[in-house]
Amino acid sequence: MRRGTVPPFELEPRMRFFSIGALLVVAALWPAPAPARTLQIADMARLVNLEEPAITPDGRFVALIALRQDMANATDVNTLELINVVSGTTRTLVGGRDVAVPRWSPDGSTLAYLARANGVLQAFVRGASGATQQVSHAPADVIDIAWSPDGSRIAYVATDLPANRVALAHHHDYFFAGNNDYTATALTPPDHLWLVSLRDGRERRLTEGAWTVAPTDPGGIFSPQIAWTPDGRHITFTRVEDTFGGNNENSTLWQVAAAGGAIARVPTGHDRFELSPSYGPHERQLVYWYPRESNYLAENALHAFDGAHDSVLAPSLDRNIAGSAWYPDGRHLLLCASDGTRVRVWKNDLVAGVLQPIDFGDLNVVCDPYSSSTFDAGIAATIDARGGIAFLATDPRHARELFYLPPGSRVPRRLTHANDFVADIAIGRMTNFNWSGPDGFAEDGVVTYPPDFAAVRAAHPDAKFPVVLLIHGGPGLSSATDFAWEQWPLAQAIASHGYIVFQPNYRGSDNLGNAYMLAIVGNTAQGPADDIMAGLAALEKAPYVDAQREAVSGWSYGGLLTTWLIGHFHRWRAAVSGAAVNDETEEYNLSISNVQNRYYLLVSPYVGNGAQIYAQQSPITYYKNITTPTLIWGTTLDSVVPIPLSYALYHALVDNHVPVRFLVFPAATHGPANPVQTADLTRFWLNWLDTHLRQ
């Protein structure tokens, strides 16, 4: 998987500042453990995923989205919930209808949100009395909303109807392809900016054209691509030059008057890679995202533009900034990023240039590290008028919950108890693991032990445990000490079967600095594989590791590295390769990121010696070396890593008499599309490991 594509099951992001007092108090936030059994697949269906917290300016209430799994109907059910910050009581405001994107009015009296009406996502507002009104009537889905500073208007982004809808009505359904993925059956319509007056209900289109406002996914955490200027006269937005996925790095900041008229470029001096505009209280405080060194694959950085000069914020923070939020004083920003195997947050003083880490103990703030105009990144945190922070977090033993850090306090309070049942389950100990890697890199990863590890070792000091590698995708993500990615605690599920789970980070990961993140360029497979094998060798030095029983698994880029490792080593008892980039040329031809592969491999496969370079970096090239029993899985209409790449591996193994099964899910997602598919995949994954590691 590439930067600019939907993240797989990855964990979240990182700096090391601890307070013993804070650690003790934070530990008390969770229910006392009373483990009686290990994690079961059925337990995963009970996990509640929390998204998109939004706090009122007075800090009294937090609105958020809760997603509960409906196994009977193979879907997730969204609810819009209101949490009282003082009492912790929760009230459901809206159930179902794909409700999403809660946004409070500037005075906190009215809550806007998105929900389906007649099958289309529309904008609604709900007053203090509970009266609700639909305020948008877009012909296709609304994907984001933003209040004007005076609360009298709402800007929204909505998808256009197909430009060729008249021709389609007469069955002329052809289109001219570009840098789109192979699953496309039509050109993707653009998203454009609209404005609705809450005084008279009048809706006006502000932008139009074949270009698009950078699309965001209302189904999860994201950083908005539209922002009002503080005086309410203009809206700044991210413009992408067309809707082809392979061109989405061509994103720049533009502005349009709220009264309407021509759009104008924000003169930052960049010609692409700009994202996520936001303003502090003052007109000249425009902050936006831009990659370090103007390199598409580099860490994301924050830039400030005052109308004449462009500058980098927090230049000393050598981490991939995944989200930011303004403090009400307009002087400070809250930042989040992966740091080692943690997710860290910092308070950045824009005037003094001071970067202050905020210590949340073992808590990892939910912080999605993607910097793409097609997909999403952001911090699940929101700040009230006094500087109090409401945020979602997890830790090695607990699923997501909502917390509140009062202004002036160093100890957050837990506000929700959505996943308390996990305390009754025996969970494997999850720890950071470090090693010295090749090329002078100090590397890290996460090790999760079986829940009964200590008891078994106490009773049998010479006991050894099989090892399962679980390799993250991206590559610009990283494994962290988190109980679960959203609702999928895969590492813990594997550990519950008696395995030590090793989640190595590798060059290209976003947790150890820009040089580490860029070390993958031109060395997309062998370099990461060397890092992983160095980590495994370090882990094997532990007396309790059974080096004769090891398996390797991963998804997306982790699937690529899984296929690469079974094509270069015969040590594995089993492998699970999911949605893997087995063929770099076919990824260039067919995927949603397609021609962006040139950023990693520095050339097109159709120019110069590009074909040779792509073949050398493609795991499928080494199929004749594979002897490992392999479970392959994918989805039928995956546009991120197209399933033909998995079919190629399947046929190569079958024809060479290697034990293989190919698990296929009917879905258009890059991974399981619903909780039933997730449960089925987990069961097959575990059964495959058990079959081959317990022999």
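For the numbers below, each heavy atom of this structure counts, side chains included, while hydrogens, waters and symmetry mates do not.
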Undergrad: Rounded to the nearest 0.5 Å, how far apart are CG of Asp510 and NE2 of His472?
TA: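 Output value for this atom pair is 7.5 Å.
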
Undergrad: With sequence neighbours left out, write down each residue that passes ring-ring contact (aromatic ring centres under 6.0 Å, His included) with Tyr647, or none if nothing qualifies.
TA: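 Here the qualifying residues are Phe662.
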
Undergrad: Give the ring-plane orientation class for Trp485 versus Trp555, where under 30° counts as parallel, over 60° as perpendicular and anything between as tilted.
TA: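 Perpendicular.
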
Undergrad: Check whether any side-chain heavy atom of Phe244 sits under 4.5 Å from a side-chain heavy atom of Asn594, and report yes or no.
TA: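 When only atoms from C-beta onward are counted, Asn594 and Phe244 do not touch, as no gap falls below 4.5 Å.
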
Undergrad: At their closest point, which heavy atom of Pro396 faces which heavy atom of Gln492, and how far apart are they?
TA: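 The pair with the smallest heavy-atom distance is O-NE2, 3.7 Å.
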
Undergrad: Output side-chain donor-acceptor pairs under 3.5 Å for residues 625-645, partner residues at least two apart or in another chain, one line each.
TA:
unit_1, atom_1, unit_2, atom_2, d
Asn625, ND2, Gly567, O, 3.2
Thr627, OG1, His570, ND1, 3.0
Thr630, OG1, Thr628, O, 2.7
Thr635, OG1, Thr669, O, 2.5
Thr636, OG1, Ala667, N, 3.2
Thr636, OG1, Ala667, O, 3.3
Asp638, OD1, Val640, N, 2.8
Asp638, OD1, Val641, N, 3.2
Asp638, OD1, His670, ND1, 3.3
Asp638, OD2, His670, ND1, 2.7

Undergrad: Just how far is it from atom CD of Gln548 to atom CZ of Arg573, taken to the nearest 0.5 Å?
TA: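 So the gap between those two atoms works out to 7.5 Å.
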
Undergrad: Do Glu586 and Asn589 have side-chain atoms, one donor and one acceptor, less than 3.5 Å apart?
TA: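 Yes, Asn589 and Glu586 have a side-chain donor paired with an acceptor closer than 3.5 Å.
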
Undergrad: Check whether any side-chain N or O of Glu584 sits under 3.5 Å from a backbone N or O of Ile613 as a donor-acceptor pair, and report yes or no.
TA: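 No, because the side chain of Glu584 does not come within donor-acceptor range (under 3.5 Å) of the backbone of Ile613.
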
Undergrad: Could you list the residues that satisfy side-chain hydrogen bond (donor to acceptor under 3.5 Å, both in side chains) with Tyr599, not counting sequence neighbours?
TA: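 Per chain and number, Tyr599 pairs via side-chain hydrogen bond (donor to acceptor under 3.5 Å, both in side chains) with Glu249, Arg272.
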
Undergrad: Are Thr183 and Asp181 close enough that a side-chain donor and a side-chain acceptor fall under 3.5 Å?
TA: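 Side chains of Thr183 and Asp181: pair found under 3.5 Å.
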
Undergrad: Kindly write out the residues that satisfy salt bridge (Lys or Arg N to Asp or Glu O under 4.0 Å) with Glu540, not counting sequence neighbours, or none if the list is empty.
TA: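 Once residues adjacent in sequence are excluded, the partners of Glu540 under the salt bridge (Lys or Arg N to Asp or Glu O under 4.0 Å) criterion are Arg571.
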
Undergrad: Could you pull out the closest heavy-atom pair between Arg46 and Gln69, with the gap in Å?
TA: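 So the two residues come closest at N-NE2, 4.3 Å.
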
Undergrad: Kindly say whether Ser223 contributes a backbone atom to a donor-acceptor pair with the side chain of Gln225 at under 3.5 angstrom?
TA: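 Yes; at least one donor-acceptor contact below 3.5 Å.
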
Undergrad: Above 12 or not: heavy atoms from other molecules or residues under 6.0 Å from OH of Tyr650?
TA: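 Check fails, neighbour count at 12 or below.
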
Undergrad: Return the set of residues passing salt bridge (Lys or Arg N to Asp or Glu O under 4.0 Å) with Asp70 (not counting sequence neighbours), or none when no residue passes.
TA: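 So Asp70 forms no salt bridge (Lys or Arg N to Asp or Glu O under 4.0 Å) with any residue.
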
Undergrad: Residues in ring-ring contact (aromatic ring centres under 6.0 Å, His included) with Tyr516, at least two apart?
TA: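 Phe441.
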
Undergrad: Just jot down the salt bridge (Lys or Arg N to Asp or Glu O under 4.0 Å) partners of Arg429, sequence neighbours excluded, or say none.
TA: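 Scan of Arg429 (salt bridge (Lys or Arg N to Asp or Glu O under 4.0 Å), adjacent residues dropped) gives none.
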
Undergrad: According to ring-ring contact (aromatic ring centres under 6.0 Å, His included), who are the partners of Trp688, at least two apart in sequence or on a separate chain?
TA: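 Result, ring-ring contact (aromatic ring centres under 6.0 Å, His included) vs Trp688: His692.
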
Undergrad: With rounding to the nearest 0.5 angstrom, report the CG to CE distance, Asn432 to Met430.
TA: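 Result: 11.5 Å between the selected atoms.
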
Undergrad: For Arg68, what residues pass the salt bridge (Lys or Arg N to Asp or Glu O under 4.0 Å) criterion, not counting sequence neighbours?
TA: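 With neighbours one apart ignored, the set is Glu81.
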
Undergrad: Sorted by first residue and then second, give each salt bridge (Lys or Arg N to Asp or Glu O under 4.0 Å) pair with at least one member in residues 511-539; sequence neighbours left out.
TA: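 Every salt bridge (Lys or Arg N to Asp or Glu O under 4.0 Å) pair that includes a residue of residues 511-539, provided the two are not neighbours, is Arg507-Asp531.
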
Undergrad: Quiz question: by atom type and distance under 3.5 Å, do the side chains of Asp444 and Thr341 form a donor-acceptor pair?
TA: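 Note: Asp444 and Thr341 side chains miss the donor-acceptor criterion.
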
Undergrad: Below 30° counts as parallel, above 60° as perpendicular, anything between as tilted: where do the rings of Phe453 and Tyr449 land?
TA: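 It falls in the tilted class, 30° to 60°.
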
Undergrad: Does a donor on one side chain and an acceptor on the other come within less than 3.5 Å for Asn419 and Arg400?
TA: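 Per modelled atom types, Asn419 and Arg400 side chains form no pair under 3.5 Å.
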
Undergrad: If you apply the rule side-chain hydrogen bond (donor to acceptor under 3.5 Å, both in side chains), what do you find for Thr38 with Gln40, and how did you get there?
TA: CA-CA 6 Å; Thr38 57; Gln40 304 297 311; 3.2 Å; yes

Undergrad: So, Ser577 and Thr563: side-chain donor and acceptor under 3.5 Å apart, yes or no?
TA: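 Judged by distance alone, the side chains do pair up.
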
Undergrad: Quick one about Asp318 and Asn514 (side-chain donor to acceptor, distance below 3.5 Å, no hydrogens or angles considered), yes or no?
TA: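 No pair is found: no donor N or O on one side chain lies under 3.5 Å from an acceptor on the other.
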
Undergrad: Check whether any side-chain N or O of Asp546 sits under 3.5 Å from a backbone N or O of Lys464 as a donor-acceptor pair, and report yes or no.
TA: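 The answer is no, because no donor-acceptor pair under 3.5 Å joins these two groups.
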
Undergrad: Only pairs at least two apart or in different chains count here, so list each salt bridge (Lys or Arg N to Asp or Glu O under 4.0 Å) that has a residue in residues 678-695.
TA: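 Found Asp680-Arg683, Asp690-Arg694.
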
Undergrad: Hydrogens and angles aside, do Gln596 and Asn248 bring a side-chain donor and acceptor to less than 3.5 Å of each other?
TA: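 Side-chain D/A pair, Gln596 to Asn248: present.
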
Undergrad: Does anything in residues 645-668 pair up under salt bridge (Lys or Arg N to Asp or Glu O under 4.0 Å), and if so which pairs, sequence neighbours excluded?
TA: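 Checked against salt bridge (Lys or Arg N to Asp or Glu O under 4.0 Å) - neighbours excluded - no pair reaches residues 645-668.
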
Undergrad: Please find out if less than 6.0 Å separates the ring center of Trp435 from that of Phe502.
TA: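 Yes - the distance between ring centres of Trp435 and Phe502 falls below the 6.0 Å cut-off.
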
